[in-house]
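Below you'll find the structure, written out as structure tokens, and then a few comments.
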Amino acid sequence: MLGALMLLAPTAMVAWQGDVVIETPNSQLLLTAWDGGDLRQAYYGDKSATLSQLRDAGADLGGHAMPAFGTVDAIQLPALQVQHVDGDLNLELAVDAYEVRDEARAKIHVFTMKDKLMPFTVRLYYKAYKNVDVIETWTEIMHQEKKAITLKRFDSGHLTLRQGDVWVTHLHGNWAAETAPTMEPLTQGVKIIRNTDGTRNSHLDAPELMLSLDGRPQELTGRTIGLALCWSGNYELRLNTISHREHHVYAGIDPQSSEYVLEPKEVFETPHLAMAYSDEGLSGVSRQLHNWARREGMLHRGMQTGDILLNSWEGIYLDITEEKIIRMMDDIAQFGGELFVMDDGWFGDKYPRKEDNSSLGDWVVDRQKLPNGIRALTDAARQRGIKFGIWIEPEMTNTVSELYEQHPDWVLQVRGRQLKQGRGGTQVVLDLTNPKVQDFVFGVVDNLMTQYPEISYIKWDANAPIQNYGSTYLPPQKQNNLNISYHRGLISVLKRIREKYPDLVIQDCASGGGRANYGLLPYFDEFWVSDNTDALQRVYMQYGTSMFFPANAMAQHINGVPYWNTGGRVIPVKFRCDVAMSGRLGIELQPAHMTDEERRQCTTCFADYKQLRPVIQTGNLYRLLSPYDRLGVSSIMYVDDARTQAVVFVYKTDNYYDQPLPRLRLAGLDPGRTYTVVERNVKVGDKPCRLNGKQFTGRFLMDTGLEVPLNNDYASRVLELR
């Protein structure tokens, strides 16, 4: 291992060679370079192996760390491919220098690799954290050729795994049915997971996956690797199993329609790829990613907790009036809530926002709906002791809007081709490759916050894909840069907003969970899990989402019933409350339509949640029973770092007579401690269940477990362990 800084002068004949250990507290990545060759990856996992032991055991250490077209053999896919000025498509990379940067929270290992023929350089980075078992990897690509070259493939990272009984878990879904986990063994051939929406990359497939190295995935046991691509745009994850040899995993921006034109001396940085390892199964990797997210990947909220809020959307939709909004503020304040958010429908002058087919881009108050403006609403919120938030969709406009009339060239389009239009038949996407458009989008937030500094929360939506693949700002030879340049423009805007308004809470929404990714979470505080708030379906979606994202990033609201999105299903209010309590709690209905029972249950729920919130939102997650296993029950629990407090959620997902239900074995507790069970959010009018007040050792709870009373349809329990 070369633990010190090493820099060697580049030469045409001699390349750096040596062994490197990149380590976190409990995991390591072993790399080696051969004389005159490129960097090789030997091992990723726990700390039981060394390079010398692997060599003695006859392990194949020849896997390319960043395989390049022209170097790898025909059966291995490349992670890098370029077209040089002279048309040459090949790369022959050799490690020229190695550097270690020791920072406060991480060590960054930098390998500089150069092509043996052309003036082309790749810097490969590995950032190993000192407090969590996560390594980030990415590349910087640059050249000094005479003219621009084309990057044809530019993955962020590549991982080689020894052939074996390896399973992949990835998330799939759709609008209102997001994040269902698919678990399947890796078989010979190539599997591709891709998203090409343009603006939203978490509907259909998601840019994260887990690899279980010991066969069928288990929640609490087994060697497991998690990967999360920190990118908000189109991506491609590839898994290539080569005969009896190895599995190769690639992650990066999808090069389809995104071959990037790179000018001489321009530096192209790929998105970061976060890699986590645990020998405690899927939940173990989840905890590593959650801890990394709170400390590193969610730069704003981190270990903070979110407020209990009421959002107006499912309560009144676009039918906003000052009277209705203030009445809803009264209700959320009476329940013990902390924040009111006014959703879509508050804006538009020439074109008032009465339906979803107009007005986006015209961010002025509709005085017919709000005669006293937003100031009256922020004043009303302050008088009631709650905060005020507002909805915007600043990346989009409608062709029926003053903005489009004034700046038709500001939308993505191809001159001469008919404009494809989305939601409402009129919605289009603004061209964020254009600095003037970036200034406008920043100004949407800046103007609101300048006029109404009491706004504490913004719900930022994005309800359209990129359908018009063209930019009037980008030159003809760089139209392929659009997908990448759009998201770079978006991130540039978000950075400006965060620099000026660091304390503003911003929710990331995109037709529900369309933007749940670590490319945007550094700039947002939370995301909307789904536009479907049906509690039973949310049990499933929230279970899948929790595989990669922590509870304080997951917005989960109590809905009204009968619920339109699931055919008028009616679910008891306690079950709805218990499901929403397992993340950042909110409410999404018209309180004026609530029954007395619903109002009393929500008041109880809010009061209990405030006491449990720190453990739920920032605790360590253990998924105990999966709803996808069809056992009739789903259960998760959160445990604080000291293992002195835990919260267990149990939901009955099937209902029939003589139903066998599994005993619930807990996890993550201190086996030597004694815990007292306290039932929370008890159903209004009922007494706590028979477990309430009972004491058990941590060992008993984990080895034997509890018989949780779930006697009725849609039964659920929230149990605190003290």
Side-chain angles (χ1 to χ4, degrees), residues 129 132-137 156-157 159 167-173 178-183 193 195 200-212 217-220 224-232 235 237 239 249 251 271-278 280-299 301-302 508 510 512-522 524-530 538-556 582-584 617-623 626-628 636 638:
Y129 287 95
V132 291
D133 289 315
V134 170
I135 298 171
E136 293 178 26
T137 184
S156 296
L159 195 61
W167 285 56
V168 60
T169 299
H170 57 101
L171 302 179
H172 184 86
E178 289 89 338
T179 59
T182 297
M183 300 177 180
I193 300 168
N195 190 297
R200 309 161 301 180
N201 70 2
S202 299
H203 279 146
L204 299 182
D205 292 295
E208 302 90 23
L209 58 81
M210 291 194 193
L211 299 158
S212 298
Q218 302 295 325
E219 281 291 358
L220 303 176
T224 309
I225 293 169
L227 302 178
L229 186 65
C230 307
W231 178 239
S232 54
Y235 66 86
L237 310 177
L239 302 107
V249 187
H272 291 208
L273 174 67
M275 307 188 300
Y277 173 82
S278 174
E280 297 180 348
L282 301 175
S283 287
V285 168
S286 295
R287 289 190 293 278
Q288 298 296 347
L289 289 172
H290 296 175
N291 288 330
W292 163 78
R294 293 183 180 119
R295 291 171 171 84
E296 309 295 340
M298 295 168 56
L299 300 184
R301 175 164 287 175
D508 167 10
R515 273 186 171 173
N517 64 67
Y518 281 113
L520 291 180
L521 266 183
F524 290 87
D525 299 272
E526 63 179 32
F527 57 87
W528 184 224
V529 173
S530 176
R538 274 297 190 107
V539 170
Y540 290 81
M541 289 187 286
Q542 290 166 191
Y543 191 95
T545 305
S546 76
M547 288 189 171
F548 297 98
F549 298 99
N552 62 340
M554 295 169 57
Q556 304 179 178
S582 66
R584 197 279 292 139
Q617 291 198 27
T618 65
N620 298 301
L621 170 67
Y622 294 83
R623 287 183 298 272
S626 170
Y628 294 97
I636 63 173
Y638 297 96

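Because the structure is predicted, anything quoted here is derived from the model rather than measured.
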Do [X] and [Y] have side chains that get closer than 4.5 Å, going by heavy atoms?
X	Y	result
Arg584	Asn552	no
Pro207	Trp231	no
Glu219	Tyr622	no
Met275	Val249	no
Ser283	Leu621	no
Leu171	Thr545	no
Leu273	Leu227	yes
Ser530	Arg538	yes

Once you round to the nearest 0.5 Å, how far does [atom1] of [X] lie from [atom2] of [Y]?
X	Y	atom1	atom2	value
Glu208	Ile193	CD	CD1	10.5 Å
Leu229	Asn517	CG	CG	8.5 Å
Trp167	Leu211	CH2	CG	13.0 Å
Tyr638	Thr618	OH	OG1	10.5 Å
Ile636	Arg623	CD1	CZ	8.5 Å
Leu521	Ser232	CG	OG	11.0 Å

Looking only at atom types and distance, does a side-chain atom of [X] sit under 3.5 Å from a main-chain N or O of [Y], one as donor and one as acceptor?
X	Y	value
His272	Thr137	no
Ser156	Pro271	yes
Tyr628	Tyr540	yes

All salt bridge (charged side-chain N to carboxylate O under 4.0 Å, His left out) counterparts of Asp508, not counting sequence neighbours: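 With sequence neighbours excluded, Asp508 shows a salt bridge (charged side-chain N to carboxylate O under 4.0 Å, His left out) to no residue whatsoever.
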Listed partners of Arg515 passing salt bridge (charged side-chain N to carboxylate O under 4.0 Å, His left out), at least two apart: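 Counting only residues at least two positions away or on another chain, Arg515 forms a salt bridge (charged side-chain N to carboxylate O under 4.0 Å, His left out) with Glu395.
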Candidates Tyr235, Trp292, Phe548, Phe527 - the one meeting ring pair (Phe, Tyr, Trp, His ring centres under 6.0 Å) with Tyr518: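 Going through the options one by one, the only one that passes is Trp292.
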Heavy-atom pair with the smallest gap, counting every atom of [X] and [Y]:
X	Y	value
Asn195	His203	ND2-O, 2.8 Å
Thr179	Met541	OG1-O, 2.9 Å
Ser202	Gly513	CB-O, 3.3 Å
Ser212	Leu282	OG-CD2, 3.9 Å
Arg294	Gly619	NH1-O, 3.4 Å
Pro181	Met547	CB-CE, 3.9 Å

Test log, rule side-chain hydrogen bond (donor to acceptor under 3.5 Å, both in side chains), inputs Ser582 and Gln556: CA-CA 8 Å; Ser582 66; Gln556 304 179 178; 3.0 Å; yes
Pair Ser278, Arg287: side-chain N/O donor-acceptor within cut-off below 3.5 Å: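 Per modelled atom types, Ser278 and Arg287 side chains form no pair under 3.5 Å.
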